[in-house]
Amino acid sequence: MSPDPTLLDDLEWRGLIAHSTDLGALREALRERSVRFYVGFDPTAPSLHLGNLVQILTARRLQNAGHTPYALVGGATGMIGDPRDSGERTLNSLDTVKEWVERVRRQIEPFLSFEGDNAATMVNNYDWTASLSTIDFLRDIGKHFPVNRMLARDVVKSRLEAGISYTEFSYVLLQSMDFLSLYRDHGVTLQFGGSDQWGNLTGGVELIRRSDGGKAHAFATPLIAKADGTKYGKTEGGALWLDPEMMSPYSFLQFWLNVEDEKVGELLRIFTFFSRDEIEEIEARHAEKPFLRAGQRALAEHVTTLVHGAEETERIQAASAALFGGGDLRGLSAGTLGAALREAGSVTVDSSGGIPGVVDLLVQTGLSKSKGEARRTIGEGGAYLNNTRIDDPEQVPTAADLIGGAWLVLRRGKKNFAGVEVR
RNA sequence: GGCAGGUUGCCCGAGCGGCCAAUGGGAGCGGACUGUAAAUCCGUCGGCUUUGCCUUCGAAGGUUCGAAUCCUUCACCUGCCA
């Protein structure tokens, strides 16, 4: 099968190419044959997140177009940690890294095809790094890295004042070596990654040229940021995790549903497999009647389905519709409401000693972190029981408040719901 | 190894013996306005058995009626010198 010649145009249109080495040469290569490419993921956490999803989906786009993916999980680089502005990383233990490597690998696999002519391959850079001797490393790899150039890199420059260890400083050598190794052993000639990886990507291209006289390509995908330039994912403990244990599918869907208007088009292009025509049609519909949030809905449904599956997506869409429907909660059947609340997050409470007060319930459901915070929220008029504002922090729900004889619906602010099942 | 400076709440950053749970900004959170958007305005932002109490200002000791603020030791960071 010959590769899809429109691939690069599509990637460009989607805004997926923020930086690149010789784009003309890459275009030519991608038209000629099935290019073996690689993208790496470091196990710095038990789960991948939103930023990694860009790479995963881009890898799949390339594979769909006929190219051959090598997905690398960084068992070695994960031991080192790439430098970031916020400062030196804490090293993780070998056991931790090993466990995370496995988890990350399992998260990537469903997105790629491991069959056919251009079947994907999973690789781990620990395999070719662990046994390398220091002398070989310094002679064969280190010799090709001018320190003056390494110092000029932004991440390094910004860290010079605050301090950067030799370990993190050397990270670029490891990642470059990965590219070289895959180039030699598997004929991999293209690497891409997030734009924060640009220095590491070009490091590999350059190493291949200097050491083997080879020609390789690299491009970087854009950073995903909010319309005002700040990072996404301040809620839910810092990041938008793909692991349903770390971020519930319900919250995941809610995230996409809440995306700013200005970002909808961009995110549709990056995170969905809708065609150009489909996306332009959605954007037009959205521009005409933004209050219908057609863009957000399409985006949320598509991405959540990709990550959590169609069945789960349907369930949580129903849950969202029930909770945000605006109608009277009592109009819902206990079954529908219970199902919705279980998706949104719920706790079970034993009423033999009486139903707890609203402050305790806010804490138990996780809507408030502490009783003080719960009281504060009530004082600010931001706490609701069954969609009715709670005025009195001493309020204790009664049997009459139970919907369908079992459920209490608590809400903090406009869109944080939680259920309490009273037994 | 020496000398100097630093370590404050999620982040930045004031405070330099009582008026400090600790100024200010950002983030976060809630309200109003909206469309589960954005912008704007207002409020809030350690914990609790909440008109008071408890635990915080790198760690441990000490001085004092009283310390984030003074002293000692230790740890870490930055700079200069060796």
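Side chains are part of it too, since the values below use all heavy atoms of this structure and drop only hydrogens, waters and symmetry mates. Protein chains get the first letters and strands the later ones, always in sequence-line order, with residue 1 at the start of each.
Taking the C1' atom of each, rA27(B) and rG79(B) are spaced 31 Å apart, rounded to whole Å. On the C1' atoms, rU7(B) is 26 Å away from rA82(B), given to the nearest whole Å. Look at the C1' atom in both rA22(B) and rG9(B): the space between them is 9 Å, to the nearest Å. Going from the C1' atom of rC45(B) to that of rG26(B) covers 13 Å, rounded to whole Å. Rounded to a whole angstrom, the distance from the P atom of rC10(B) to that of rC48(B) is 15 Å. Of the P atoms belonging to rG13(B) and rC3(B), the separation is 27 Å, rounded to the nearest Å. If you take atom C1' in rU51(B) and the same atom in rC11(B), they sit 34 Å apart, rounded to whole Å. Across the P atoms, rU72(B) and rG6(B) are found 15 Å apart, a figure rounded to whole Å.
Taking only side-chain atoms of K415(A), from C-beta outward, the nucleotide of rG35(B), rA37(B), rC48(B) with the closest atom is rA37(B). The side chain of E260(A) approaches rA37(B) more closely than any other nucleotide in the set rA37(B), rU49(B), rG30(B). With rC29(B), rA38(B), rG35(B) as the candidates, the nucleotide lying closest to the side chain of R412(A) is rC29(B). Candidate nucleotides rG35(B), rG31(B), rG30(B) were compared by shortest atom distance to the side chain of N416(A), and rG30(B) ranks first.
R297(A) comes within 4.0 angstrom of nothing in the nucleic acid, heavy atoms only. R376(A) comes within 4.0 angstrom of sugar-phosphate atoms only, judged by non-hydrogen atoms across all strands, and of no base. Within 4.0 Å (heavy atoms only), R375(A) reaches at least one base atom of the nucleic acid. Nucleic acid contact class of Y384(A) (heavy atoms, under 4.0 Å, all strands): sugar-phosphate only. Counting non-hydrogen atoms under 4.0 angstrom, G381(A) reaches the backbone sugars and phosphates but no base.
In this model, a donor atom of one side chain and an acceptor atom of the other lie less than 3.5 Å apart for Q191(A) and Y38(A). S352(A) and D350(A) form a side-chain donor-acceptor contact under 3.5 Å, judged by distance and modelled atom types alone.
When both pairing distances are held under 3.5 Å, rG9(B) makes no Watson-Crick or G-U pair with any nucleotide shown. Searching all strands for a Watson-Crick or G-U wobble partner of rU49(B) with both distances below 3.5 Å returns nothing. Base pairing of rC70(B) is made with rG62(B), judged by Watson-Crick or G-U wobble geometry with both donor-acceptor distances under 3.5 Å. For rU23(B), there is no paired base (Watson-Crick or G-U wobble, both distances below 3.5 Å). A 3.5 Å limit on both hydrogen-bonding distances identifies no Watson-Crick or G-U partner for rC57(B). With a cut-off of 3.5 Å on both Watson-Crick or G-U wobble distances, the partner of rA38(B) is given as none. rG28(B) is paired with rU44(B) under the criterion used here, namely a Watson-Crick or G-U wobble arrangement in which both key atom distances are under 3.5 Å. The nucleotide rA4(B) finds its pairing partner in rU78(B), both defining distances of the Watson-Crick or G-U wobble pair being shorter than 3.5 Å.
When rounded to the nearest whole Å, the span between CZ of F255(A) and C1' of rA37(B) equals 13 Å. Taking atom CD of E262(A) as the reference point, atom C1' of rA39(B) lies 9 Å away to the nearest angstrom. The distance from atom CZ of F417(A) to atom P of rG30(B) is 12 Å, rounded to the nearest whole Å. Regarding K289(A), its NZ atom lies at a distance of 14 Å from the C1' atom of rG35(B), rounded to whole Å. Here the C1' atom of nucleotide rC29(B) and the CG atom of L367(A) are 12 Å apart, to the nearest Å. For the pair R411(A) CZ and rG31(B) C1', the computed distance is 12 Å after rounding to whole Å. Atom C1' of nucleotide rG31(B) and atom CG of D391(A) are separated by 13 Å, given to the nearest angstrom. Straight-line distance from the CG atom of D360(A) to the P atom of rG47(B): 15 Å, rounded to whole Å.
Note on K371(A): a side-chain N or O is less than 4.0 Å away from OP1 or OP2 of rU49(B). For the OP1/OP2 pair of rC48(B) and a distance below 4.0 Å, the side-chain nitrogens and oxygens of S370(A) include at least one atom meeting the criterion.
RNA chain B is contacted by both T377(A) and L292(A); T377(A) maps to the nucleotide lying nearer its 5′ end (nearest heavy atom per residue). In terms of position on RNA chain B, the residue among E373(A) and L257(A) whose nearest nucleotide sits closer to the 5' end is L257(A).
Between Q296(A) and H286(A), some side-chain heavy-atom pair lies under the 4.5 Å cut-off.
A cation-pi arrangement is found for R60(A) relative to F273(A), the charged atom lying closer than 6.0 Å to the ring centre and inside a 45° cone about the ring normal. No cation-pi contact links R412(A) to Y384(A), judged by a cut-off of 6.0 Å to the six-membered ring centre and 45° from its axis.
Applying the 6.0 Å contact sphere to CD of E314(A) captures no more than 12 heavy atoms from other residues, nucleotides or ligands.
The pair R315(A)-E312(A) meets the salt-bridge criterion, with a side-chain N (NZ, NE, NH1 or NH2) lying under 4.0 Å from an Asp/Glu carboxylate O. Ionic pairing of R285(A) and E288(A) is not present here: no N-O contact between side-chain nitrogen and carboxylate oxygen is shorter than 4.0 angstrom.
Syn is the glycosidic conformation of rU51(B), whose angle stays within 90° of 0.
One N or O donor and one acceptor, one from the side chain of E380(A) and one from the base of rG43(B), sit under 3.5 Å apart.
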